[in-house]
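Structure first, then comments.
If you're wondering where the values come from, they're calculated on a predicted model, not measured in any experiment. We name chains A, B, ... by the order of the sequence lines, and we start the count at 1 in each one.
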Amino acid sequence: EADIYQTPRYLVIGTGKKITLECSQTMGHDKMYWYQQDPGMELHLIHYSYGVNSTEKGDLSSESTVSRIRTEHFPLTLESARPSHTSQYLCASSEYGDGTDTQYFGPGTRLTVL
Amino acid sequence: GENVEQHPSTLSVQEGDSAVIKCTYSDSASNYFPWYKQELGKRPQLIIDIRSNVGEKKDQRIAVTLNKTAKHFSLHITETQPEDSAVYFCAVYTNAGKSTFGDGTTLTVKP
């Protein structure tokens, strides 16, 4: 079944650690996104990609980095986690070029930095 | 860039009443307007959308209306039920390639 997957679902880690949040989609979509969201609050776009080798920064400044080497995979990396990074991270994907931008979201990774 | 304002930020209604959430946008080139529902602890999911060449779209108890001249669109939920309780997000898309989301509305339907 076509879907978008995120791992891990929950992560508790100490300050200063390097972490990578994984996102994969089997939707066949070109565009992918990363959002930061505190529970019940606004969706803040931190990174997006139009396709392989394309990455753009979003509206919210973030110390994280992303890569897009394969169409289906869009990992997010934090080189040195801090307590201020504690949040939920949502990955999403959408078609590109059909005049719409219906986004399909993954289940999220809830990150806690101690 | 695009500026999207969503109102109200919280809305509480009695079961069976109607609920209306409104979004205004700034870029007249915007051409696609989806609404997403996010239940507690779940991922946002598309519930209805409308393109700029259509004024209204309905799907059972939910409908979306678009006023391109005034640059606003609204989500209407009729005969609300407790399972409609969630956070609702509007979004606006232009062919520039990126969607802008509203800040969300927390809807509570009281039994």
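Of all heavy-atom pairs between Q14(B) and V109(B), the closest is C-CG1, 4.3 Å. In terms of heavy-atom proximity, C91(A) sits nearest to M32(A) at SG-CE, 3.9 Å. Taking all atoms of both residues into account, the shortest heavy-atom contact from S87(A) to Q36(A) is OG-CG, 3.2 Å. Counting all heavy atoms, side chain and backbone alike, L11(A) lies closest to L21(A) at CD2-CD2, 4.3 Å. Heavy-atom minimum distance, N31(B) versus F33(B): C-CE1, 3.8 Å.
Proximity to chain A is limited to the side chain of Y36(B), based on heavy atoms less than 4.5 angstrom apart. Interface remark: Y104(A) contributes no atoms to any contact with chain B (heavy atom separation under 4.5 Å). Contacts between E56(A) and chain B at a heavy-atom distance below 4.5 Å are absent for every atom of the residue. Contacts between L90(A) and chain B at a heavy-atom distance below 4.5 Å involve the side chain alone, from C-beta outward.
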Let me see the working for T80(B) and D17(B) under side-chain hydrogen bond (donor to acceptor under 3.5 Å, both in side chains), right down to the final yes or no. CA-CA 6 Å; T80(B) 54; D17(B) 287 350; over 6 Å; no
Side chain to side chain contact (heavy atoms under 4.5 Å, CB included), that's the test. Do E2(B) and T94(B) meet it? Break it down for me. CA-CA 9 Å; E2(B) 177 70 270; T94(B) 70; 4.2 Å; yes
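Side chain of T109(A) to main chain of P8(A): a donor-acceptor pair is present (N/O by atom type, distance under 3.5 Å, no hydrogens or angles).
Heavy-atom neighbours of Q81(B) CD from other residues, nucleotides or ligands within 6.0 Å: above the threshold of 12. Heavy atoms of other residues, nucleotides or ligands lying less than 6.0 angstrom from CD of Q60(B) number 12 at most.
Within residues 38-54 of chain B, the residues having any heavy atom under 4.5 Å from a heavy atom of chain A are, by residue number, Q38(B), R43(B), P44(B), L46(B), D49(B), R51(B). Using non-hydrogen atoms only and a strict 4.5 Å limit, the part of residues 82-93 of chain B facing chain A consists of V87(B), F89(B), Y93(B).
Q103(A) and Y35(A) share a donor-acceptor pair across their side chains, judged by distance under 3.5 Å alone.
When G106(A), G108(A), G58(A), A92(A) are compared by the number of non-hydrogen pairs under 4.5 Å with chain B, G106(A) comes out ahead. The candidate with the highest count of non-hydrogen atom pairs below 4.5 Å against chain B, out of L45(A), L43(A), D59(A), is L43(A).
Using a cut-off of 4.0 Å between Lys/Arg side-chain N and Asp/Glu carboxylate O, K22(B) and E5(B) are scored as not salt-bridged.
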